[in-house]
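In what follows, a structure is listed as structure tokens, so that the remarks can point back to it.
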Amino acid sequence: QKEVEQNSGPLSVPEGAIASLNCTYSDRGSQSFFWYRQYSGKSPELIMFIYSNGDKEDGRFTAQLNKASQYVSLLIRDSQPSDSATYLCAVNISPYNNNDMRFGAGTRLTVKP
Amino acid sequence: EAQVTQNPRYLITVTGKKLTVTCSQNMNHEYMSWYRQDPGLGLRQIYYSMNVEVTDKGDVPEGYKVSRKEKRNFPLILESPSPNQTSLYFCASSVTGARYGYTFGSGTRLTVV
């Protein structure tokens with residue numbers, strides 16, 4: 001089992017809809033969870049991080065964390081064509097290793113006008 | 001402007017010809033890391049550094065070397081490149097390591113023929 005798993009997509013939603021991106025992780029000791037956005041040919045850009053169970057909102061983005069289910073998600077409300085990108089889930093797997101960041105393979109999101 | 005700068009952006013080389021990809025950050029970050037990104041595999045860590053003269057292997061260190069003689073610079077060295085090292089490479093830095101996420105450079109697309 002991969003340490004961080006995401007549906008590869010592509011996920012297609014109409015403009016204005018809610019896009020829901022999901023990620024599961026294997027290590028129960030994981031402490032920090034991140035969502036990066038990567039436009040085609042560009043570098044990953046950190047858009048959300050979450051450490052505690054529950055929801056964290058930032059503008060149109062909401063990150064949701066459920067440690068019991070080892071599940072983290074990203075909701076994008078009022079999706080815009082500019083949100084079309086690959087979204088990478090990343091997890092700081094080990095609480096004892098501050099450099100142990102593992103990435104999922106990414107979910108490609110397309111928002112259609 | 002706070003940034004991580006990688007050079008070159010694109011590189012085509014032949015098998016066995018030593019090359020260096022440079023990485024520099026201007027944010028006084030202690031942590032720096034190199035990743036490679038391959039389709040379907042996501043980002044995988046090659047090496048990381050927690051401070052000057054402190055480096056350690058990531059998940060895929062074979063065929064790579066790094067050095068950290070100054071805080072701002074973290075070059076990636078391929079002593080004898082092979083075609084399986086054809087990939088997209090990212091340098092990243094962070095003030096505190098994986099717990100709070102990384103800032104990525106713009107990437108180096110390497111082709112080894």
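So that the names make sense, note that chain A is the first sequence line, chain B the second, and so on, each numbered from 1.
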When every non-hydrogen atom of A:Y36 is compared with those of B:Y102, the smallest separation belongs to OH-N, 2.9 Å
Shortest non-hydrogen contact from A:K42 toward B:F90 | O-CZ, 3.8 Å
Do B:W34 and B:V60 belong together in a cluster built from hydrophobic side chains that touch within less than 4.5 Å?
-> yes
Please round to the nearest 0.5 Å and tell me the distance separating atom CD of B:Q37 and atom CG of A:L88.
-> 6.5 Å
Which answer fits B:S33, side chain, backbone, both or neither, if we ask what part of it has an atom under 4.5 Å from a heavy atom of chain A?
-> neither
Hydrophobic cluster membership, A:L46 vs B:Y35, 4.5 Å side-chain cutoff = yes
Where do B:L43 and A:P44 come nearest, in terms of heavy atoms and distance?
-> CD1-CG, 4.0 Å
Is B:V66 reachable from A:M101 through a run of hydrophobic residues whose side-chain heavy atoms are each under 4.5 Å from the next?
-> no
Connected via hydrophobic side-chain network under 4.5 Å: A:F61 and A:V111 = yes
Of the listed A:F49, A:Y51, A:F33, the one with the largest count of heavy-atom pairs under 4.5 Å with chain B is A:Y51
May I ask you to check whether over 12 heavy atoms, not counting those of B:R109, lie within 6.0 Å of atom CZ?
-> no
Gap separating the CZ atom of B:F104 from the CD atom of A:Q38, nearest 0.5 angstrom = 8.5 Å
What part of B:D56 lies closer than 4.5 angstrom to a heavy atom of chain A: side chain, backbone, both or neither?
-> neither
Is there a donor-acceptor pair under 3.5 Å between the side chain of A:S43 and the backbone N or O of B:G107?
-> no
Taking atom NZ of B:K71 as the centre, report whether more than 12 heavy atoms of other residues, nucleotides or ligands fall under 6.0 Å from it.
-> yes
Flag yes if B:V21 and B:Y48 sit in one hydrophobic cluster, no otherwise; membership is Ile, Leu, Val, Met, Phe, Trp, Tyr, and two members link when side-chain heavy atoms are under 4.5 Å apart.
-> no
